[in-house]
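Below is one structure, written out as structure tokens, with a few remarks after it.
Remember, it's 1-based here, ligands and their atoms both numbered in the order they're listed.
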Amino acid sequence: MTAPVPHRSGARPPTIDADKMPRHVAVVMDGNGRWAAARGLPRVEGHRAGETALVEVVAGAVQLKLPWLSVYAFSTENWRRSPAEVSFLMGYTRQVLRARRDLFHSWGVRVIWSGEQRRLWPSVVRELREAEVLTRNNTGTFLNLCVNYGGRAEIADAVRTLAREAAIGQVDAARITEDDVAARLRGGERTFDGGGLPGRPNVPDVDLFLRSSGERRISNFLLWQSAYAELVFVEEMWPDVDRTVLWRAVEEYSGRSRRFGGPAS
Ligand code: IPE
Ligand code: IPE
Ligand code: MG
């Protein structure tokens, strides 16, 4: 295993008390189009520029020894974009996976994919599965790549699973609990026809939900898991984000008082 090269400024990750460290950070990588428009470039150039930010943030998570990092790369609603942009995003996702998986592997990262298999380019699914298989025995940060992911679609998939189990008497419909639902969240519906990993670890609750580009919304990301997440919104457009932005957000998170419905202390 090799450590990521330090940040270009020499900045080191912050020291955070163990009980104030998030276990799971979820990142909405937003603002590529606006970044490009501000430079008179086509939108896709913003997506291209976003690759460095992704690698930076993964490096920052590895340096922090963060257990889980989820990144939102393509939502179930992003099919509403122009065919040209959707095609670019599919092809580029495949290219980035191919170009970066060995680097992530060398950092001990475990890649998992969350998302619907339906509509996703089979070549993208194949690349995601390959990254999962390559990194399956690593012990470092889980990198949950959310591609064709939707929080509602994921919940609907779990509901379908439960309904099937109830229909054959495997579960008692009247006694379905929150834990039963959570245990069936598997990222989205897929057939696994390409082989690969038989199971996937359950994605834990999100502690810190971070979104770039100044937008203040969830946009259907990890809805179930973010029920009590701390929200941090930063103004940087995604291509301008680097690991220091993640570290600042984690510092802000460590100062928050989380109550989960309990009384303020
Ligand atoms: C995020 O940037 C990338 C994806 C959604 C794939 P956007 O493409 O949403 O950029 P803006 O929000 O239009 O600036
Ligand atoms: C959320 O960003 C999805 C990703 C970053 C992949 P969007 O740009 O699609 O979200 P909205 O449309 O502004 O809510
Ligand atoms: Mg956007």
Side-chain angles (χ1 to χ4, degrees), residues 24-58 60-61 68-100 111-121 123-125 127-128 131 143-156 187-188 203 206 208-226 229 231-242 245-246 249:
H24 183 187
V25 178
V27 182
V28 181
M29 309 189 286
D30 196 18
N32 294 348
R34 279 163 285 164
W35 182 92
R39 285 159 184 77
L41 298 168
R43 291 180 57 81
V44 299
E45 291 309 317
H47 300 316
R48 220 189 282 281
E51 180 190 5
T52 316
L54 170 66
V55 175
E56 263 294 310
V57 166
V58 176
W68 278 85
L69 176 71
S70 292
V71 295
Y72 207 4
F74 191 90
S75 77
T76 47
E77 288 71 50
N78 285 147
W79 298 102
R80 292 187 185 145
R81 300 186 177 198
S82 74
E85 184 174 352
V86 167
S87 294
F88 179 87
L89 284 167
M90 289 293 132
Y92 196 58
T93 301
R94 189 177 54 200
Q95 187 184 321
V96 169
L97 279 163
R98 211 172 281 165
R100 299 302 188 171
V111 173
I112 66 166
W113 163 51
S114 288
E116 303 288 309
Q117 189 165 333
R118 207 174 68 83
R119 289 185 86 177
L120 202 52
W121 284 12
S123 58
V124 174
V125 175
E127 216 58 59
L128 286 160
L143 175 62
N144 179 28
L145 295 174
C146 299
V147 183
N148 198 22
Y149 174 85
R152 287 183 170 185
E154 180 182 39
I155 294 168
V203 175
V206 173
L208 166 57
F209 186 110
L210 174 63
R211 183 171 189 150
S212 61
S213 87
E215 301 296 356
R216 285 160 165 75
R217 55 178 170 264
I218 309 291
S219 301
N220 202 17
F221 193 35
L222 295 171
L223 290 183
W224 179 280
Q225 298 86 345
S226 297
L231 309 179
V232 173
F233 301 105
V234 297
E235 298 304 314
E236 286 90 346
M237 297 297 147
W238 179 251
D240 292 329
V241 168
D242 66 10
V245 173
L246 170 72

Self-check item: Numbered atoms of ligand 2 (with element) below 4.0 Å of Val28, judged on heavy atoms
Solution: 1 (C), 5 (C)
Quiz prompt | Atom indices of ligand 2, in the order listed, that fall short of 4.0 Å to a heavy atom of Arg217 | solution = 11 (P), 13 (O), 14 (O)
Quiz item: Are Arg34 and Glu236 close enough for a salt bridge, meaning some N to O gap below 4.0 Å?
Solution: no
Practice problem: Measure the distance from atom 14 (O) of ligand 2 to every protein heavy atom, then report the residue, atom name and distance (to 0.1 Å) of the closest one. | Solution: Ser219 OG, 2.6 Å
Quiz item: Short list, please: which atoms of ligand 2 are under 4.0 Å from a heavy atom of Phe74?
Solution: 6 (C)
Practice problem: Please verify whether a non-hydrogen atom of Ser213 lies at under 4.0 Å from ligand 1. | Solution: no
Quiz item: Would atom 7 (P) of ligand 2 count as contacted, meaning some protein heavy atom under 4.0 Å?
Solution: yes
Quiz item: Nearest to atom 9 (O) of ligand 2, what protein heavy atom do you find, and at what distance?
Solution: Asn78 ND2, 2.9 Å
Self-check item: Arg100/Glu51 ion pair, N-O < 4.0 Å
Solution: yes
Quiz item: When you measure from atom 1 (C) of ligand 1 to every protein heavy atom, which one gives the shortest distance, and what is it?
Solution: Met29 O, 2.9 Å
Quiz prompt | Distance from atom 10 (O) of ligand 2 to nearest protein heavy atom, with residue and atom | solution = Arg211 NH2, 3.3 Å
Exercise. State if Arg81 counts as touching ligand 2 under the rule of any non-hydrogen atom under 4.0 Å.
Key: yes
Exercise. Please determine if Glu116 and Arg118 form a salt bridge, counting it only when a charged side-chain N lies under 4.0 Å from a carboxylate O.
Key: no
Exercise. Tell me which N, O or S atom of Asp30 sits nearest to the Mg ion (ligand 3).
Key: OD1
